[in-house]
Amino acid sequence: MRHKWKAWNDSWDHENSSPYVDWLAARRNFKQLKRNDLEFYFDEQRQIEVHSQSFAVIKSSFEQFVQFAKSEPDTLDVRTQALLPRGAGRAFRRDFGGDTTARLPMPKSTVQECFDEDLWSRQDPDQLPAPPPIGSVVLGAIDTGIALGHRRFQHKDGTTRILAAWQQNAPAHPNQCHLPFGREYYAPEINALLNKHWPRRPIGAFDEDAFNHDTGVLGMREIHGHREVAMRAAHGTHVLDLAAGADPDNPDNLLTHKLEKMPIIAVNLPTRQVLGLSGTFLEYYVIFAASRIVTLADALWLKAVAQSPALESIDGKRGYRIVINLSFGKSAGSPDGDSAFHDYIARLNEEREVEGFHPVEFIMPAGNDNLKRCHASVELKNKTPAAIRWRIKPEDRSCNYLEIWSDTFDPDDGASVAKKFKIGIAPPGHPELPLTACENGAMLELGDFVARVYCREKKRSDGKVRVHILLCTAPTYSVSPDEVTAPAGVWLITVKDDSSKNRTVLFGVQTDQSARVSSATGLRSYLDDDDYERFDKKGRLADTFSFEPGEPREDQDAGSKVRRHGTMNALAGFDDIAAIGGYRLSDGKPAAYSGTGVGHRISHKSKGAPTMAMPSDDSFAHRGQLAAGSRDGSAIAMSGTSAATALATRHVIWSYLNSRSAASRSPRAILYKDADSTDEGKVEFPKEVDIEKIGGGRLTPPIARDSQKLRRSFTTRAQYFKKSNTG
């Protein structure tokens, strides 16, 4: 069936709703996200099909699974929450509406009906776990699949190092009215469950499945429950081990005597179906997670100070050092730092500075999208249109999103900014949308929910304006004959600027994941250009630059609209976040998948390169970094800048605990300076590697897993810290 384009209309509430949310609501025939109580109803048959394999382990047949699913409707509430974490109020109101409310989708079982906003930060101190010593560095771990029972997250006596763990996706506990959703487990409860399911630890039998179920990490009975720890690898467990894991039984381990000062507060985010397969709600769940970590760490510090008032201020600052490892991100977003997450961090630390507290430090990956053909840069000159191809794959069961960002317009252009920017779209097998002027706050649609184009003007804090266009398409395949699908193939996107200036237009394909971990039902679209070179002269996947020893470096992006430059994690490319790239430890070669910066500042808020790089692979033959698998005692190699980020987090925490000179420096300053000074002396590494890939340089990991010595040239603890803190 050939669908036709409709005219622009302003039915989209662009002042109070994200275009991603509006499209999601329209596709599922949800009620519009206004100021009332709302509900998200996911297509039951679609979810049954997606999860049938996962539920096979607890149901003997697909028919029984269908009956089980129907007995518990797969419904997500968008609940009105009276909670606004510090600094997040404007962002929540902007994207979800309401004066003092924030709305997020969540499974009904997780909703806390007795939620009391005042209890969020004013819990009874007697309900909190014992505080860590003053001077500790609290690691905040925000991830999925963090298994709480691993020996590597325990003290020598078998008690957990995890102070608290908020399972955002777990069924709510009737007595935890301080949480808006999910359930929180404190150290005493985790220890009690360890005693129950692992009575003779560290030896003896450990009923790990029962423990994971009781701590909310494993939810095989819930349609939206987590399954990650039931597999051989769990992302959050692996990352946390690299960031703070230690063998408490090894007396020679350099971490052993410091474990009491490296406490952990963990947050397991909801599943992909709840977050959105494109990360629609990721930022907001992360904001809640970070806010909870900060609130709890401050409450524990106040509890500790009540016992020792003389320790209220150390080095002129109050509170524990808080370092948050967030190994998540998105591939498309505003180039100007205009995100709810970034607004939250800025406002949070402004408030903490006024109150005399240590700032909250975030360490994030540069991303793994360098080779995904998800970014393009097009030059518009002399009012001449330019086109680019967007390839959407067949058999794709998830929506696809393409963001388009114009260059900045001067503020005196006023209301005419959007109309100066034109877009044309030619879907495969459907009528072409000819070049048409955009309208601020309006959208146009292809057929009924086949595709939509959203347009809005985004103002920066300096008054300049960008035109933001989001093109959303339906999946190209559905198990339901009633669901509209989009055509697969090449979508030709044409843009034109009618103003007199030459401008750069940025294209970004948004993150796209399958609903179930390890599934291949979500097929990512990509941008296509004849001048893009996928392979180098030796037939290997080409990185941003050629890094062959003894040969001149070449920019592999030269001449192509589709670029590796600009593929950094969209949530991490800002000055107040340490963004970590990856490289190969054996020879120092940057990881080809590690995201590349643009090499210069895009705006006054953003940065154009990673902060530095840590190893994400051991060698060409041994990919990834070895760390904890999903089961206690297991190890697995996982690759990616998430692993590099965790090693950077470990380095920062070690620096804070062992070097007084690091006390006044941010993680960005510590990592950049240490990497810059270390990288210079590595004769076995390529000497000149562009800043867009590795930022300040490459740093060797702080400690090998379960090793009695440090990697490579750092043979003793004293040598390591002398080298790391030079200058």
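Starting from 1, each residue takes its place in the sequence as its number. Keep in mind that this is a model prediction, so the values were computed, not measured.
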(Q) Testing the 3.5 Å rule here: is there a donor-acceptor pair between the side chains of Tyr454 and Arg456? (A) no
Q) Have Thr544 and Gln556 got a donor and an acceptor in their side chains that come within less than 3.5 Å? A)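 There is no such pair between these side chains.
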Q: State plainly whether the residues Arg563 and Asp529 are in salt-bridge range, i.e. N to O under 4.0 Å.
A: no
Q. Below 4.0 angstrom, N of the basic side chain to O of the carboxylate: do Asp336 and Lys458 qualify?
A.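 Judged by the 4.0 Å cut-off on N to carboxylate O distance, Asp336 and Lys458 do not form a salt bridge.
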**Q.** Which residues share a side-chain hydrogen bond (donor to acceptor under 3.5 Å, both in side chains) with Ser642, sequence neighbours left out
**A.** His235
(Q) Run the side-chain hydrogen bond (donor to acceptor under 3.5 Å, both in side chains) test against Asp407 and tell me which residues pass, sequence neighbours left out. (A) none
Check: [X] ring centre within less than 6.0 Å of [Y] ring centre:
| X | Y | answer |
| --- | --- | --- |
| His342 | Phe362 | no |
| Tyr532 | Tyr526 | no |
| Phe421 | Phe409 | no |

(Q) Walk me through whether Ile469 and Cys438 qualify under side chain to side chain contact (heavy atoms under 4.5 Å, CB included). (A) CA-CA 9 Å; Ile469 296 173; Cys438 296; 3.4 Å; yes
Q: Please lay out, stage by stage, how Arg534 and Arg373 fare under the test side chain to side chain contact (heavy atoms under 4.5 Å, CB included).
A: CA-CA 9 Å; Arg534 290 188 63 198; Arg373 288 180 279 177; 3.6 Å; yes
Residues in salt bridge (charged side-chain N to carboxylate O under 4.0 Å, His left out) contact with [X], at least two apart in sequence or another chain:
| X | result |
| --- | --- |
| Asp498 | Lys422, Lys496 |
| Lys6 | Glu445, Asp448 |
| Asp369 | Lys372, Arg524 |
| Asp543 | Lys693 |

**Q.** Axial cation check for Tyr401 ring with Lys330, 6.0 Å and 45° limits
**A.** no
Q. With a 4.5 Å heavy-atom cut-off, do Pro394 and Tyr477 have their side chains touching?
A. no
Q: For the residue pair Asp143 and Ser327, establish whether any side-chain heavy-atom pair is separated by less than 4.5 Å.
A: yes
Q.
With rounding to the nearest 0.5 angstrom, report the OG1 to CG distance, Thr473 to Asp396.
A.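 Nearest 0.5 Å value for the OG1-CG distance: 7.5 Å.
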Q: Give the C-alpha distance, both sets of side-chain angles, the deciding distance and a yes or no for ring-ring contact (aromatic ring centres under 6.0 Å, His included) between Phe545 and His565.
A: CA-CA 10 Å; Phe545 302 94; His565 290 81; 5.4 Å; yes
